[in-house]
Amino acid sequence: MAKCWLLLLLLLAFLLPAAHAKSCHPNDLRALRGFARNLGGGGVLLRAEWSGASCCGWEGVGCDSSSGRVTVLRLPRYGLTGPIPGASLEGLAQLEELFLGSNSFVGSLPEELFSLAGLRKLSLESNELTGKLSSRLGELKNLTFLNLSVNRFSGRLPDVFGDLMSLDHLAMHSNGLSGSLPPSLSSLSSLSELNLRNNSLSGPIARVNFSGMPLLASVDFSTNNLSGSLPVSLADCSALKSLTLANNQLVGTIPSWIGELDNLRCLDISNNSLVGEVPKGLTCLKCLATADRSVGMAFTNMPLYVKRNRRVLQQQPNVLSGSNNTVRSGGGNVLSGDNNTVISGNNNTLSGTNNTVVSGSNNVLTGSNHVVSGSNNVVSDTSHVVNGSSNTVSGRNNMVTGNNNTVSGSNHVIFGNNKVVTGG
């Protein structure tokens, strides 16, 4: 009998901590009930599920096993609507993780949120939150994970990241953030992922010094209005696997140090105003595919890589040399090299190969494989396509359409009327 009592006592001793862990601190119980009470949409279901007093067993709630205090609140994709109940969240004094993404929360970030000094992970992505980001964000000094992406936040990024030294993941993409990059981003020495794409950020990208970010593996600043040249400080990010800076206003040459980033697997710097050749070292990177568009490769085709960084000019007259240049409008431009395009304008002179004149007149082209439309153009050498009227075409293997053209040479295909043809 004594042995039975001993076994019973041992069993109770084993079960009691578990029971205690599922109990709920009165302040936390009150805060959670207030949180659910102030929500619409899925809040009705939440209030039905959150019954009784053992909140540590409720849906989306996690507690510390020793103290029984609520440390985790995870309710993503729960259909919750309305403003975030800040006053109720403030009652969860020991909260460390708050995940409320993919709901329909509206309004600005509640001020009470910034009093949760122990918060380590905050994810509010894919809601309808608005307003400017408060400088009080810097009070959450223990944050390691911050995701405010896909909302409607606007205004400047607060320059408070020097207070968030533990951050290893920072994502605020797809908002309406504007202004320049805050220099305090340079202080995030623990950061591994930085994603600010699809905003309206402007100013020099070099406002961020990446040299102090040895763990940085992913950077995405694409689809903003950032300017300047690629910051050389990125060369110090030896762990970098993904660099995406497409659709900005970056200028200068494609730097050779990109070819020294041995771990780079994804590179997209397209649709900027970069010039020059692709560094040879870049094509030697073992991790960066160069032949096909493999899964995870945002940009792999090297010829396309160059074409998307063509120089674009709208002033006149311009003198351009090299390849893959574009003149959108103007006249009196002089272009040499290959794969140049004049979209409109007059009195342009082009030499080289594979050049295109989309519209305009009085252009002079030499070389081969040109495509020309307009009038009063002079085209010489071989294998051109010429449309329009009153053009002078010489060479071989040209296709000519229109009227009043003067064609000399041999092996032409000619359509239209009033042609003057000389040669074989």
Side-chain angles (χ1 to χ4, degrees), residues 18-65 67-134 136-137 139-140 142-154 169 171-176:
H20 176 70
K22 288 199 174 184
S23 64
C24 197
H25 191 281
N27 291 347
D28 294 340
L29 182 63
R30 188 182 309 112
L32 288 172
R33 285 177 172 168
F35 181 83
R37 186 169 55 248
N38 284 283
L39 293 175
V44 177
L45 178 61
L46 197 63
R47 289 190 289 274
E49 291 182 350
W50 283 4
S51 60
S54 299
C55 70
C56 294
W58 289 355
E59 175 73 22
V61 178
C63 296
D64 179 80
S65 59
S67 67
R69 296 301 301 264
V70 172
T71 57
V72 177
L73 184 58
R74 289 176 177 263
L75 295 170
R77 296 176 295 279
Y78 219 83
L80 305 176
T81 63
I84 296 175
S88 299
L89 284 178
E90 189 177 24
L92 300 175
Q94 304 300 316
L95 196 63
E96 297 179 4
E97 299 182 15
L98 178 61
F99 288 80
L100 299 177
S102 300
N103 284 289
S104 296
F105 287 109
V106 298
S108 58
L109 294 180
E111 287 294 310
E112 296 89 347
L113 182 66
F114 305 118
S115 66
L116 299 176
L119 205 60
R120 293 187 300 107
K121 296 182 179 182
L122 175 60
S123 180
L124 302 175
E125 85 284 357
S126 300
N127 281 285
E128 299 173 24
L129 298 171
T130 57
K132 297 182 179 180
L133 296 177
S134 171
R136 292 194 63 191
L137 190 65
E139 297 177 23
L140 301 177
N142 291 306
L143 279 181
T144 62
F145 182 99
L146 177 60
N147 190 347
L148 302 179
S149 303
V150 197
N151 280 285
R152 300 177 185 176
F153 293 118
S154 60
H169 179 105
M172 295 184 181
H173 69 79
S174 305
N175 280 285

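- Between Gly86 and Pro110, the shortest heavy-atom contact is CA-CB, 3.7 Å.
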Between Leu140 and Leu146, is the side chain to side chain contact (heavy atoms under 4.5 Å, CB included) condition met? List the steps. CA-CA 10 Å; Leu140 301 177; Leu146 177 60; over 6 Å; no

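- Residue Leu124 holds its CG atom at 10.5 Å from CE of Met172, rounded to the nearest 0.5 Å.
- Between Gly34 and Ser88, the closest heavy-atom pair is C-OG, 3.2 Å.
- Cys24 has its SG atom 2.5 Å or further from the SG atom of Cys63.
- Put simply, CG on Leu122 and CG on Leu109 are 7.5 Å apart, with the number rounded to the nearest 0.5 Å.
- Residues meeting the side-chain hydrogen bond (donor to acceptor under 3.5 Å, both in side chains) test with Asn175, sequence neighbours left out: none.
- Between the CZ atom in Phe105 and the CG atom in Leu75 there is a gap of 7.5 Å [rounded to 0.5 Å].
- Residue pairs that meet the salt bridge (Lys or Arg N to Asp or Glu O under 4.0 Å) test with at least one member in residues 123-132, sequence neighbours left out, do not exist here.
- The salt bridge (Lys or Arg N to Asp or Glu O under 4.0 Å) pairs that include a residue from residues 33-44 number zero, where partners must be two or more places apart or lie in different chains.
- None of Asn103, Val106, Leu129 except one satisfies the side chain to side chain contact (heavy atoms under 4.5 Å, CB included) rule with Ile84; the exception is Leu129.
- For Val150, the side chain to side chain contact (heavy atoms under 4.5 Å, CB included) partners at least two apart in sequence or on another chain are Ser126, His173, Ser174.
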Identify each donor-acceptor pair in which a side-chain atom of residues 111-118 lies under 3.5 Å from a protein atom, sequence neighbours left out, and give them as a table.
residue	atom	partner	partner atom	Å
Glu111	OE1	Arg136	NH1	2.9
Ser115	OG	Glu112	O	2.6

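- Side chain of Asn151 to backbone of Asn127: a donor-acceptor contact under 3.5 angstrom is found.
- Of the inter-residue distances, the one linking Leu98 atom CG with Lys121 atom NZ reads 12.5 Å to the nearest 0.5 angstrom.
- Leu32 is listed as a side-chain neighbour of Leu73, based on a closest heavy-atom distance under 4.5 Å.
- The nearest pair of heavy atoms linking Gly52 to Trp58 is O-CZ2, 3.3 Å.
- For the atom pair OG (Ser108) and CZ (Phe153), the distance works out to 8.0 Å, reported to the nearest 0.5 Å.
- Taking Phe145 as the reference, His169 meet the ring pair (Phe, Tyr, Trp, His ring centres under 6.0 Å) condition, with sequence neighbours excluded.
- Note that the CG atom of Leu143 and the CG atom of Leu119 stand 5.5 Å from one another [nearest 0.5 Å].
- Between Arg69 and Asp28 the shortest side-chain heavy-atom distance falls below 4.5 Å.
- Residues passing the side-chain hydrogen bond (donor to acceptor under 3.5 Å, both in side chains) test with Asn38: none are found, sequence neighbours excluded.
- With sequence neighbours excluded, the residues that form a side chain to side chain contact (heavy atoms under 4.5 Å, CB included) with Ala36 are Leu46, Arg47, Trp50.
- Of all heavy-atom pairs spanning Gly43 and Leu80, the tightest one is N-CD2, 3.5 Å.
- Between Gly68 and Cys56, the shortest heavy-atom distance links the atoms O-SG, 3.5 Å.
- Legend: side-chain hydrogen bond (donor to acceptor under 3.5 Å, both in side chains) pairs involving residues 72-85, not counting sequence neighbours, sorted by first then second residue: Glu49-Tyr78, Arg74-Glu97.
- Taking Asn147 as the reference, Ser149 meet the side-chain hydrogen bond (donor to acceptor under 3.5 Å, both in side chains) condition, with sequence neighbours excluded.
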